[in-house]
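Okay, so here's the structure we're looking at.
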Amino acid sequence: MTGVLPALQVFDPDDAQTRIFKAALNDPLDAYAVLEAWERDDPMAVVTYLAGPGKWMRGQLQLVYANLAAPLDQKPLACRPYLKTAALRERKRYEMFLSCLRDARSTLSDAGRDYCVVKGVAAAYAAYAEPQLRHCHDLDVVVRAADQMAFAEALTACGFRQAAMQGPPGGPSLRVDHPVGLPVMLHSAPVAGDPRFSADWMLRDTIRSDTEAGAVPIPQRARRIAHTWVQRFGCDRYARQAWVPDTGLELRACGSEDLEELNKILATWPDLSECRASATYLSTHIDPLPQLSQLRWPSPALGGKARAAQRARFIQRARAQAVTEPFLNHVPFAMRARFSYD
């Protein structure tokens, strides 16, 4: 998939998602100003967006409500009581998620094989002020392909239910459901179609993150950021909402060593220059984020013909692996029309 990452330009500066990100990630006074102006235009817009039925819409609810909880000498917002009710509901859901994390962590650790927790749960405990501020609807775990079935069997022996293989036979993802209904995703290919983001690379030099369910291994911060940037490019518009607070808060927590490691990754994989558009969006709408100015973006790796050749090889390889619809969730939109479902 080298060189085929599309530039991310899905957010208009005045659209609902951008307003929510500003309200979630900027200081409370700025957050209040954004929501107060929005309520003047449409009194119920904030509630409709944040407390709506879509799981991705609920993702920023806790961050926004936490900002509104700050004491300000301002007129109360009309949306606050509605968001409070929804936030309490989300906190109860987090307690249910904790039971899934606790059982999964115990079983995975007892299996005696390498694994690491990635994506939302890793960011929740490493970058957010409180882990429950990050909406988590599943548990993503990276494992080696040779260990994938062993982990699944260990989980099913402890009461989990194997639901489905998502992707071609043998990978990249295997889903196992906790008794409460939350899925545990066992990924043998952290980014489908891109061998650089291998399980071995993600599992190398992991760090321990303390959670309420016990310590779990997670990748180093720079690798989490790079993985989030690339992995989100293959998801639909709503799924991409999650990377904005995740990456913004991860970057805000970066120290000099983290930034140096991230720059090494950028230098090693020049096609990550395509992710610069997402960094531009972050720096434009989230303040403060001075770390972005310290990133050394490479020049694009490939020209048009080389990109077309890489794209053709990726499509050919994916077809040979009997691509299924869930697997296509990891494929950029620009490439999906090239697949045949006959």
Residues which pass side chain to side chain contact (heavy atoms under 4.5 Å, CB included) with R252, listed by chain and number, not counting sequence neighbours:
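For R252 the side chain to side chain contact (heavy atoms under 4.5 Å, CB included) partners, ignoring immediate neighbours, are L249, I286, P288, L289.
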How many angstroms lie between atom [atom1] of [X] and atom [atom2] of [Y], to the nearest 0.5 angstrom?
X: L186; Y: L155; atom1: CG; atom2: CG; value: 6.0 Å
X: L139; Y: R175; atom1: CG; atom2: CZ; value: 12.5 Å
X: T85; Y: Y65; atom1: OG1; atom2: OH; value: 8.5 Å
X: C136; Y: R93; atom1: SG; atom2: CZ; value: 8.5 Å
X: I218; Y: C116; atom1: CD1; atom2: SG; value: 9.0 Å
X: E153; Y: D147; atom1: CD; atom2: CG; value: 11.5 Å

Looking at [X] and [Y], would you say the former's side chain and the latter's main chain have a donor-acceptor pair under 3.5 Å?
X: D258; Y: G255; result: yes
X: N263; Y: Q294; result: yes
X: Q291; Y: L251; result: yes

If you look at every heavy atom in [X] and [Y], which pair is closest and at what distance?
X: A253; Y: R221; result: CB-NH1, 3.5 Å
X: M202; Y: V142; result: CB-CG1, 4.2 Å
X: T228; Y: T247; result: CG2-OG1, 3.6 Å
X: R224; Y: A126; result: NH2-CB, 3.3 Å
X: D205; Y: R223; result: OD2-NH2, 4.4 Å

Does the side chain of [X] reach to within under 4.5 Å of the side chain of [Y], using non-hydrogen atoms?
X: L63; Y: Y128; value: yes
X: E212; Y: Y125; value: yes
X: L174; Y: M149; value: yes
X: H187; Y: D140; value: yes
X: D42; Y: Y49; value: no
X: V141; Y: M185; value: no
X: I225; Y: C254; value: yes
X: P219; Y: W201; value: no

State plainly whether the residues [X] and [Y] are in salt-bridge range, i.e. N to O under 4.0 Å.
X: D200; Y: R144; result: yes
X: E260; Y: R296; result: yes
X: R40; Y: E36; result: yes

Exercise answer: donor-acceptor pairs, residues 101-108 side-chain atoms, under 3.5 Å, sequence neighbours excluded:
residue: D103; atom: OD2; partner: H178; partner atom: NE2; Å: 2.7
residue: R105; atom: NE; partner: A215; partner atom: O; Å: 2.8
residue: T107; atom: OG1; partner: D103; partner atom: O; Å: 3.0

I'd like to know if [Y] and [X] are part of one continuous hydrophobic network [Ile/Leu/Val/Met/Phe/Trp/Tyr, side-chain heavy atoms within less than 4.5 Å].
X: Y32; Y: L35; result: yes
X: L88; Y: Y94; result: no
X: F21; Y: V34; result: no

Using the rule given for side chain to side chain donor-acceptor pair (under 3.5 Å), can you reason through T206 versus Y115, listing the C-alpha separation, both sets of side-chain angles and the distance that settles it, and then say yes or no?
CA-CA 9 Å; T206 57; Y115 75 95; over 6 Å; no
Could you give the side-chain donor-acceptor pairs of residues 66-84 under 3.5 Å, partners two or more places apart or in another chain?
residue: N67; atom: ND2; partner: A23; partner atom: O; Å: 2.7
residue: N67; atom: ND2; partner: N26; partner atom: O; Å: 3.0

With side chain to side chain contact (heavy atoms under 4.5 Å, CB included) as the criterion, how do L182 and D177 come out once you've worked through the C-alpha distance, each side chain's angles and the decisive distance to 0.1 Å?
CA-CA 6 Å; L182 295 177; D177 287 348; over 6 Å; no
Could you check whether atom CD of E130 has more than 12 heavy atoms from other residues, nucleotides or ligands sitting under 6.0 Å from it?
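Result for CD/E130: enclosed.
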Using the rule given for side chain to side chain contact (heavy atoms under 4.5 Å, CB included), can you reason through T268 versus I265, listing the C-alpha separation, both sets of side-chain angles and the distance that settles it, and then say yes or no?
CA-CA 5 Å; T268 304; I265 295 173; 5.7 Å; no
When you look at R134 and Q62, which way does the side chain to side chain contact (heavy atoms under 4.5 Å, CB included) test go after all the steps?
CA-CA 7 Å; R134 208 298 187 174; Q62 296 282 27; over 6 Å; no
Between H227 and K119, is a side chain to side chain contact (heavy atoms under 4.5 Å, CB included) present by the stated rule, with each step listed?
CA-CA 8 Å; H227 175 237; K119 295 171 63 176; 3.8 Å; yes
